Amino acid sequence: EREAMLTAIGVWALFQGLHVAHVTLTYKHARRERPKWAGGDAAGEMRWLAWRLGEERRALTEAYRKLTGGRMWKEFVHDVGWSAARSLEVTHGAHGWHPHLHLLVVTNEPLHGFICAALASRWVECFEVTTREKDRAARVDRSRCGVPHVALRARPLTTEKDVIAASKYLTKEEKSE
């Protein structure tokens with residue numbers, strides 16, 4: 001079971017003197033107007049929602065791929081000792097679909113201060129590049145919706161109880177299927 005595995009890894013890391021954190025990679029977005037190609041009826045709304053979910057998820061996945069790829073990331077992993085397990089969570093609210101990533105992260109250094117700021121800055125950059133590429137390809141105009149607020153949150157897990165709670169959170173979607 002994945003929850004037990006994540007808990008075991010996190011607790012082991014704490015006992016080894018490593019740092020464990022629950023990291024969330026997310027962005028806020030505004031409701032977009034439905035494009036003309038979707039149609040004005042209920043079926044058009046469903047097409048639009050399905051398309052949006054796929055595009056939002058692909059943008060998130062591609063931004064994560066950009067974040068964790070390349071020479072700069074390899075150097076970061078070497079310096080900080082990053083190892084992570086991730087899960088995708090999708091919620092739906094007033095502004096539509098909202099996919100975001102949760103990670104259980106083990107590092108040699110705590111994720112705060114300069115390290116967290118640098119990582120957050122890189123996440124923003126990767127997400128913005130990805131959404132510009134996706135919007136251009138799909139001919140979507142975000143100019144009237146504002147720029148999405150992109151965020152990286154790292155919550156240190158310092159006790160076994162913290163690790164257990166984070167492991168449950170990362171695997172909650174798997175249990176609901």
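Note that the structure is a prediction, hence the values are computed from the model and not measured. This chain uses plain numbering: 1 for the first residue, then up along the sequence. Atom set for the values below is all heavy atoms of this structure, side chains included, hydrogens, waters and symmetry mates excluded.
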message: Rounded at 0.5 Å granularity, tell me how far CE in Met5 sits from OG1 in Thr171.
response: 10.0 Å
message: Tell me if the CD atom of Glu125 is crowded by more than 12 foreign heavy atoms within 6.0 Å.
response: yes
message: In the structure I gave you, are the side-chain heavy atoms of Trp82 and Leu103 within less than 4.5 Å of one another anywhere?
response: yes
message: With no hydrogens and no angle check, just 3.5 Å: does a side-chain donor-acceptor pair link Thr61 and Arg57?
response: yes
- request: Measure the spacing between OG1 of Thr159 and CD1 of Ile164 and express it to the nearest 0.5 Å.
  value: 8.0 Å
- prompt: Is there a path from Leu157 to Trp12 through hydrophobic residues (I, L, V, M, F, W, Y) whose side chains come within less than 4.5 Å of each other?
  reply: yes
task: Compare all side-chain heavy atoms of Leu111 with those of Val23 and state whether any distance is below 4.5 angstrom.
output: yes
message: Within this structure, what is the CD-CG distance for the pair Glu89 and Leu170, rounded to the nearest 0.5 Å?
response: 9.0 Å
statement: Given the options Ile115, Asn108, Val105, Val80 meets side chain to side chain contact (heavy atoms under 4.5 Å, CB included) only with Ile115
Interatomic spacing from CG in Leu25 to CG in Leu60 - rounded to 0.5 Å: 7.5 Å
field: For Val163 against Gly10, the heavy-atom pair lying closest together
entry: CG1-CA, 3.7 Å
Point-to-point distance, once rounded to the nearest 0.5 Å, from OG1 of Thr26 to CG of Leu101: 8.5 Å
- prompt: Do Phe76 and Arg122 have side-chain heavy atoms sitting under 4.5 Å apart?
  reply: no
query: Between Ala63 and Cys126, which heavy-atom pair has the shortest distance, and what is it?
result: O-CB, 3.6 Å
- line: The single option from Lys172, His22, Arg153 that satisfies side chain to side chain donor-acceptor pair (under 3.5 Å) with His102 is His22
task: Could you go through the salt bridge (charged side-chain N to carboxylate O under 4.0 Å, His left out) check for Arg71 and Glu75 one step at a time?
output: CA-CA 6 Å; Arg71 187 179 56 86; Glu75 289 173 6; 2.7 Å; yes
query: Does one hydrophobic cluster hold both Phe114 and Leu152, with members joined at side-chain heavy-atom distances below 4.5 Å?
result: no
query: Which heavy atom of Leu18 sits nearest a heavy atom of Thr107, and at what distance?
result: CB-O, 3.6 Å
Heavy-atom side-chain contact between His100 and Thr91 under 4.5 Å: yes
Nearest atoms (heavy-atom pairs only) where Asp79 meets Glu109: O-CG, 4.3 Å
- request: Give the minimum heavy-atom separation between Trp73 and Thr68, together with the two atoms involved.
  value: CD1-O, 3.1 Å
- request: Could you walk me through whether Lys66 and Phe127 pass the side chain to side chain contact (heavy atoms under 4.5 Å, CB included) test, one step at a time?
  value: CA-CA 8 Å; Lys66 285 182 189 317; Phe127 191 84; over 6 Å; no
- prompt: In Å, rounded to the nearest 0.5 Å, how long is the span from OG of Ser167 to CD1 of Ile9?
  reply: 8.5 Å
message: If I compare all heavy atoms of Leu104 with all of Val20, which pair ends up nearest, and what's the gap?
response: CD1-CG1, 3.9 Å
